[in-house]
Chemist: 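Would you mind keeping the following structure in view while I ask a few things?
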Amino acid sequence: MTSPETSPETSARPVDGGHTAVLTPVLTLDDVHVRYGGSHVLQGVTFEVPATGVTALLGRNGVGKTTTLKAVLGLAPRTGSIAVRGNPIETQATTRIVRDGIGYVPEDREVFAGLTVDENLRLVDPERGIEAPIVRDLFPDLIARRAQRAGTLSGGQQQMVSLARVLLRDNTVLLIDEPTKGLAPKLVTEVADVLAEVARMTPILLVEQNLALVRRIADTVVVLDAGRVVHRGRADALVADAELTRGLLGVSMRREGAA
């Protein structure tokens, strides 16, 4: 099994004169612990999220993936260091963390079921709502459903509302928790298309079980097991190695999944 010390190359980009500028990670976790009562859920989690692309946070069920996202947001009681672009945030309130650019799309979507699609979006952007250019560009299906109550949408459509809502803000990094869970293959493909486009503008830390989607859109992976980081590396290298994938995740690369 690959050591936790196996990690992707530091983000870099060419600059004038042919030199390479190293990009500061957009998000850094250092020795992060989370305890709930007598349960030690995260046990010294340490990793970086590059300033570009998609970082997939993987692992079997119950190993601490969602807890890691909640720790970043201050929604879980944590110790250790967490920084955004080098600025510590571990002592900040959740409202301040979100206001400063951490966008969060939770696993259960959390749309306001009794409000229309447009009303859900106007909670974030009262002036434009569904008329915002990013919504029109990335979520054309929502335009026709602007007056439909969000609670009557399909799971995939609700996921699009949840994604659109967070994208109406200026985000430094997006934390997205299992956006394709329970979706039909066609909708998984649509969500993958949106995430790939979003990642061109904003780095993403993505919790996801669909390895076909991870292979398609992720650049790097971080694998958790029992609350610890057990692997860091390139996404394509992990999903191409069936033995490593089985060892770390207990699954093989699925031929059937759509992304």
Side-chain angles (χ1 to χ4, degrees), residues 26-27 49 53-57 65-66 68-76 84 89 92-184 186-208 210 213 217:
V26 70
L27 178 65
V49 176
V54 176
T55 298
L57 185 60
K65 303 184 299 295
T66 294
T68 299
L69 301 190
K70 290 184 175 181
V72 173
L73 290 158
L75 296 173
V84 175
I89 64 169
Q92 295 179 4
T94 299
T95 52
R96 172 66 183 275
I97 292 171
V98 172
R99 199 163 52 239
D100 286 350
I102 306 295
Y104 179 47
V105 180
E107 178 183 350
D108 56 6
R109 295 151 193 161
E110 295 186 0
V111 299
F112 292 94
L115 300 181
T116 66
V117 170
D118 190 36
E119 288 168 342
N120 266 270
L121 300 184
R122 287 187 185 275
L123 291 174
V124 179
D125 188 337
E127 295 294 324
R128 298 178 300 175
I130 205 162
E131 299 296 334
I134 194 167
V135 178
R136 288 189 164 274
D137 290 345
L138 294 181
F139 308 98
D141 186 49
L142 295 183
I143 304 300
R145 301 178 184 276
R146 62 186 302 157
Q148 185 173 341
R149 293 191 184 278
T152 67
L153 299 172
S154 69
Q157 291 161 349
Q158 289 186 20
Q159 185 64 73
M160 294 301 185
V161 173
S162 187
L163 286 167
R165 190 171 57 194
V166 77
L167 292 176
L168 287 173
R169 301 180 62 254
D170 291 328
N171 299 293
T172 301
V173 60
L174 292 171
L175 313 182
I176 303 179
D177 195 356
E178 296 210 40
T180 67
K181 184 177 181 179
L183 299 186
K186 180 177 182 297
L187 293 174
V188 171
T189 299
E190 292 178 6
V191 170
D193 289 342
V194 170
L195 293 177
E197 187 61 30
V198 170
R200 294 164 58 91
M201 303 175 283
T202 306
I204 296 173
L205 177 59
L206 174 71
V207 172
E208 182 54 65
N210 187 322
L213 185 147
I217 71 171

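Hydrogens, waters and symmetry mates are skipped; everything else that's a heavy atom, side chains included, is used.
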Chemist: Measure across F139 and I134 and return the closest heavy-atom pair with its distance rounded to 0.1 Å.
Modeler: CD1-O, 4.1 Å
Chemist: With heavy-atom distances below 4.5 Å as the criterion, would you say the side chains of I97 and V84 are in contact?
Modeler: no
Chemist: Taking T180 for the side chain and L183 for the main chain, is one N or O donor matched with an acceptor at less than 3.5 Å?
Modeler: no
Chemist: May I ask you to decide whether R128 forms a salt bridge with E131, counting only side-chain N to carboxylate O separations under 4.0 Å?
Modeler: no
Chemist: Check the pair M160 / V191 against side chain to side chain contact (heavy atoms under 4.5 Å, CB included), numbers first and verdict last.
Modeler: CA-CA 8 Å; M160 294 301 185; V191 170; 3.9 Å; yes
Chemist: Could you check whether any side-chain heavy atom of I176 comes within less than 4.5 Å of a side-chain heavy atom of L163, counting everything from C-beta outward?
Modeler: yes
Chemist: Do L138 and E197 make a side-chain contact, defined as non-hydrogen atoms from C-beta onward lying under 4.5 Å apart?
Modeler: yes
Chemist: Which value, rounded to the nearest 0.5 Å, describes the distance between L121 atom CG and R165 atom CZ?
Modeler: 8.0 Å
Chemist: Can you tell me if D177 uses its side chain to pair, donor with acceptor, with the backbone of V207 under 3.5 Å?
Modeler: no
Chemist: Is atom CG of D108 surrounded by more than 12 heavy atoms (other residues, nucleotides or ligands) closer than 6.0 Å?
Modeler: yes
Chemist: Within the distance-only criterion (no hydrogens, no angle test), does the side chain of R169 pair as donor or acceptor with the backbone N or O of V98 below 3.5 angstrom?
Modeler: yes
Chemist: Minimum heavy-atom separation for L187 and G156, please, with both atom names.
Modeler: CD1-CA, 3.9 Å
Chemist: With a 4.5 Å cut-off on side-chain heavy atoms, are V72 and V173 touching?
Modeler: no
Chemist: I need the minimum non-hydrogen distance between L57 and L205, along with the two atoms involved.
Modeler: CB-CD1, 4.1 Å
Chemist: Please walk me through it: do E119 and R122 pass salt bridge (Lys or Arg N to Asp or Glu O under 4.0 Å)?
Modeler: CA-CA 5 Å; E119 288 168 342; R122 287 187 185 275; over 6 Å; no
Chemist: Are E208 and I217 side-chain neighbours, meaning at least one heavy-atom pair lies under 4.5 Å?
Modeler: no
Chemist: Is E178 paired with K65 through a side-chain N to carboxylate O contact shorter than 4.0 Å?
Modeler: no
Chemist: Looking at every non-hydrogen atom in both residues, tell me the closest pair between L168 and D125 and how far apart they are.
Modeler: CD1-CB, 4.0 Å
Chemist: Within the side chain of Q157, is there an N or O that forms a donor-acceptor pair under 3.5 Å with the backbone of S154?
Modeler: yes
Chemist: Give a yes or no answer on whether the side chain of R146 reaches the backbone of V117 with a donor-acceptor pair at less than 3.5 Å.
Modeler: no
Chemist: Roughly how far, to the nearest 0.5 Å, is the CG atom of L175 from the OG1 atom of T66?
Modeler: 11.0 Å
Chemist: Using the side chain to side chain contact (heavy atoms under 4.5 Å, CB included) rule, take L153 and R145 through it: C-alpha gap first, then chi angles, then the decisive distance, then the call.
Modeler: CA-CA 9 Å; L153 299 172; R145 301 178 184 276; 3.9 Å; yes
Chemist: How far does CD of Q148 sit from CG of L115, to the nearest 0.5 angstrom?
Modeler: 13.5 Å
Chemist: Do the side chain of D118 and the main chain of G129 share a donor and acceptor less than 3.5 angstrom apart?
Modeler: no
Chemist: Find the distance between CG (L142) and CD (Q158) and round it off to the nearest 0.5 Å.
Modeler: 11.0 Å
Chemist: Can you spot which of L206, T189, V54 makes a side chain to side chain contact (heavy atoms under 4.5 Å, CB included) with L213?
Modeler: L206
Chemist: Work out which heavy atom in V135 is nearest to a heavy atom in A164; give both atom names and the distance.
Modeler: CG2-CB, 4.4 Å
Chemist: Show me the donor-acceptor pairs within less than 3.5 Å that the side chains of residues 100-107 make with the rest of the protein, sequence neighbours left out.
Modeler:
unit_1 : atom_1 : unit_2 : atom_2 : d
D100   : OD1    : R96    : NE     : 3.3
D100   : OD2    : R96    : NE     : 2.6
E107   : OE2    : K181   : NZ     : 2.4

Chemist: A side-chain contact here means heavy atoms from C-beta on lying under 4.5 Å apart; do E110 and S162 qualify?
Modeler: no
